[in-house]
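Order of the sequence lines sets the chain letters (A, B, ...), proteins ahead of strands, with each chain counted from 1.
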Amino acid sequence: MSLFSLQQQLKEEIRGAAREMFGVEVQQLTADTPPKPELGDLAFPVCFELAKLIKQATGEKMAPRAIAEKLKPRLESFDQVARIEIAGAGYINVFFDRAKLLQLFTTKTSFEAKRDGDLTDQKTDQSKKMVEHTSINPNKAAHIGHVRNAVLGDTFVRILQAAGDRVEVQNYIDNTGVQVADVVVGFLHLEAMNLEKIKALDESLTPDYPFDYYCWDLYTEVGRFYRDGNPSNDLNPEKLGMRTKVLHAIEEGNNRIAELADYVATRNVECILNTMERLGIRYDLLARESEILHLHFWERAFELMKMKGVIRKETEGKHAGCWVMPFESHTGTDEHESDKIIVRSNGTVTYTGKDIAYQLWKLGKLGLNFHYRVFRNYQDDHTLWITTTDAKAEAKAGVERPPFGGGDTVYNVIDSRQSYPQEIVARGVAAIVPEVGADASVHFSYEMVALSPAACEELGITLSEEDRAKPYIEMSGRKGLGVKADDLINQLESGALLEVEKRNPELSETDKKATAHEVAIAALRYFLLKFTRNTVIAFDFKEALSFEGETGPYCQYAAVRTNSIFRKLGDETLRDADSLLTMISGDSALQLRVSEVLSGESGTEIWSLVMLTQQLDEVIAQCRKSAEPANLAKYTFSVARAFSRFYHDHRIVTEKDDVRRAVLIAVTKIVRAQLTAALAILGIRVPEQM
RNA sequence: GCCCGCGUAGCUCAGUGGAUUAGAGCGUUCGCCUCCGGAGCGAAAGGUCGCAGGUUCGACCCCUGCCGCGGGUACCA
């Protein structure tokens, strides 16, 4: 049994008691951890709520403490509960029987219990959650801002999976957009290259300057080109015309420019996927904009919107000739708050329009489907699919295709600057299919990663006076202003390698590199996860490259220490310790001795570490509900910190007293299981040594 | 103008469905290898939780107003 399910049982008892004794129904019932371990293992502030409810129901004024006194015996009847104390203005504080619980937690960790299906809260519904993340324009290398998106999305996916959800992971590929067109303009007009020449160029590039890096630089050149070489110039309309021409050709398809664009986009996608693979981030499906166009997703959505009266064609005013979505709540006359344009007067669709079509498909409400082919086979049998217009491609795959689309809840990991268009999409979808509603479309928003003026200087970027005065500077692919993901990972890996070589000189070169890689990824992922989503990260090299303090490697290190303890312990010692604890329930003298180890100041400290580890399930549930992975990162760090202290305070391997040693080993075992599980959800692995 | 987010220690950030001393990390100062690995542990210094009202027995947290910063409000995405 886990702490989580024990909590559920206690809550049920309180609910039942409130019903029987006071005739009221408790809606919100939370279990807190008391501010200090001396105040108990669990606290229910429910009596404040009950006092209000009772007053409402009967008019009778009852003091929260008096209510608590009445509930006390009910909770004390639990076997695992040692005693109940009423504290403060009316808190119910629960003190568990530590020896009994320790044994319970040791025999099965909550994760093993979940795997074995003996958790009472197990979900039976198999509704599907869908998470779209990464979705980088395939025209250049990924930068650190993109990595924040991917790491947040990937971690949220892991959180959902840990909570027992079925999840489908999508990465949207805008292969027919302006950004791809810009790079194509660069190849055609700046480099005078055709497809053959680009392929030859691609072949000749070395791993330290791959295709996506080449495009990164070319893209910034195109940006200058549009302004005739001077960033402060206006855009040159004639040159912009080149972009428009290319864009039309790409959207049209079946021509040489479209073919060239497809090569460029696909190669960038491959490079970006390689970057993400380094971070342990994978996908189920790459959904491409070209298929949304060519498989007529938009036309279908357009029909649906017209049919349902969601959009209307304006015949006069400044939007004459456009199809717009009226904004019911718009407050008026201001020109910046008018209806949202879905189809432009020249007949082309806006991004918002295309996104509504895609969102409808995601929710299984479009009535059309993509065709699919295999894009990549990941190492452990996982297959990545991509959309295609070729209806026969799937049969050639030789693998069974999962049923893509049709999610019950769709999370779109997109930065907060797009919250307005995202709101339009959600509302549009809800208007088309009211039975789905706007809540099925969740904008998982986050703030950008920006550069501090100092970080810009370290990158050798010269700043304008205006920029220098800002607290941070927005990254810009267009300006080539940003920290490339692979550069940063490389830097982290070489930093980690130095440390590994210092500490583990006996390791083989391969092992050293593998370990350095794990440490680097831990550092990067944790760095991006420790900030809450709505905090702008002002990127700082020193902080991002650190392995000390509140970092991924610190958490990893604590887990590595638990492993090395078990390596040091002989099999026999371990077996003895295990069997000693299993005998607790039948041996009251032994149980007393275990209780003694866990009592007093030192015992309480040990015990609070155990209690902390048991909160993992609840933290996961919270993160799932709030869609805030930072909570899990913070929690993981607190477990690592508590264990580091425990490790420092107690000698585990050399402990002479067998009962005490068994307890210390049991605690270490529990920490190892929970900490390793928590890290795995953050996408951080625990190396053998580091 | 309107909408959204933010304002907490020198710096970077957590936090709160009301519990007495508001928490981390970095930085600063001082300690800790008779060691299961110091990517560690302990201690100290450092805060009128932007300002002003309001609700309450009680507000860093809820409400209102103001100030400051950022983002959005395009026939861009």
Touch class at under 4.0 angstrom, heavy-atom based, for [X] against every strand present:
X	result
A:Phe547	base
A:Gln418	base
A:Asp174	sugar-phosphate
A:Gln689	base
A:Ile652	base
A:Ala450	nothing
A:Ser345	base

Tell me which nucleotide among [options] gets nearest to the side chain of [X].
X	options	answer
A:Asn93	B:G38, B:C75, B:A19	B:A19
A:Met448	B:G71, B:A77, B:G37	B:G71
A:Tyr351	B:G40, B:A77, B:C13	B:A77
A:Ile341	B:G37, B:C75, B:U12	B:C75
A:Val519	B:A77, B:A39, B:G37	B:A39
A:Val560	B:A77, B:U12, B:G37	B:G37
A:Pro421	B:C69, B:A39, B:A77	B:A77
A:Thr535	B:C13, B:G37, B:C76	B:C13

Nearest-Å distance once atom [atom1] is located in both [N] and [M]:
N	M	atom1	result
B:A22	B:G47	P	12 Å
B:G10	B:A45	P	15 Å
B:G46	B:G23	P	15 Å
B:U12	B:G38	P	32 Å
B:G50	B:G7	P	7 Å

Strand partner of [N], provided both Watson-Crick or wobble distances fall under 3.5 Å:
N	result
B:C2	B:G72
B:C49	none
B:C33	none
B:A9	none

(Q) Are A:Tyr635 and A:Phe637, when compared by the centres of their aromatic rings, separated by less than 6.0 Å? (A) no

Q. For the residue pair A:Tyr554 and A:Tyr557, is the inter-centroid distance of their aromatic rings smaller than 6.0 Å?
A.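 Centroid separation for A:Tyr554 and A:Tyr557: 6.0 Å or greater.
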
(Q) Is it the case that atom CZ in A:Arg685 sees more than 12 heavy atoms from other parts of the structure closer than 6.0 Å? (A)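 Result for CZ/A:Arg685: open.
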
Reckon [X] has a side-chain N or O less than 4.0 Å from the OP1 or OP2 of [N]?
X	N	result
A:Arg561	B:G38	yes
A:Arg645	B:G42	yes
A:His648	B:G40	no
A:Asn534	B:G5	no
A:Thr532	B:A14	yes
A:Arg344	B:A77	yes
A:Tyr557	B:A39	yes

Review item, nucleotides 21-26 of chain B N/O atoms under 3.5 Å of protein N/O:
residue, atom, partner, partner atom, Å
B:U21, O4, A:Lys36, NZ, 2.6
B:C26, O2', A:Lys542, NZ, 3.3

Q.
Whether the side chain of A:Ser494 engages the backbone of A:Gln491 through a donor-acceptor N/O pair (distance < 3.5 Å, no angle test) should be reported.
A. yes

Q. At their closest point, which heavy atom of A:Val560 faces which heavy atom of A:Pro687, and how far apart are they?
A. CG2-O, 3.3 Å

Q) What heavy-atom pair brings A:Val686 and A:Asn563 nearest, and what distance separates the two atoms? A)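 Looks like CG1-ND2, 3.7 Å.
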
Exercise: do [X] and [Y] side chains pair donor with acceptor under 3.5 Å:
X	Y	result
A:Ser416	A:Glu447	yes
A:Ser452	A:Asp540	no
A:Asp182	A:Tyr226	yes

Q: Would you check if A:Tyr91 stacks with the base of B:A19, given a 5.5 Å centroid limit and a 30° plane limit, both strict?
A: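 Yes, A:Tyr91 stacks on the base of B:A19, since the ring centres sit under 5.5 Å apart and the planes are within 30°.
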
Q) Is any side-chain N of the basic residue among A:Glu493 and A:Lys513 closer than 4.0 Å to the acidic one's carboxylate O? A)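 Looking at A:Glu493 and A:Lys513, the cut-off is not met.
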
Q: For A:Lys340 and B:C3, give me the distance from atom NZ to atom P, rounded to whole Å.
A: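 In whole Å, B:C3 P and A:Lys340 NZ are 19 Å from each other.
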
Q: Write down the distance between CG (A:Leu293) and P (B:A77), rounded to a whole number of angstrom.
A: 12 Å

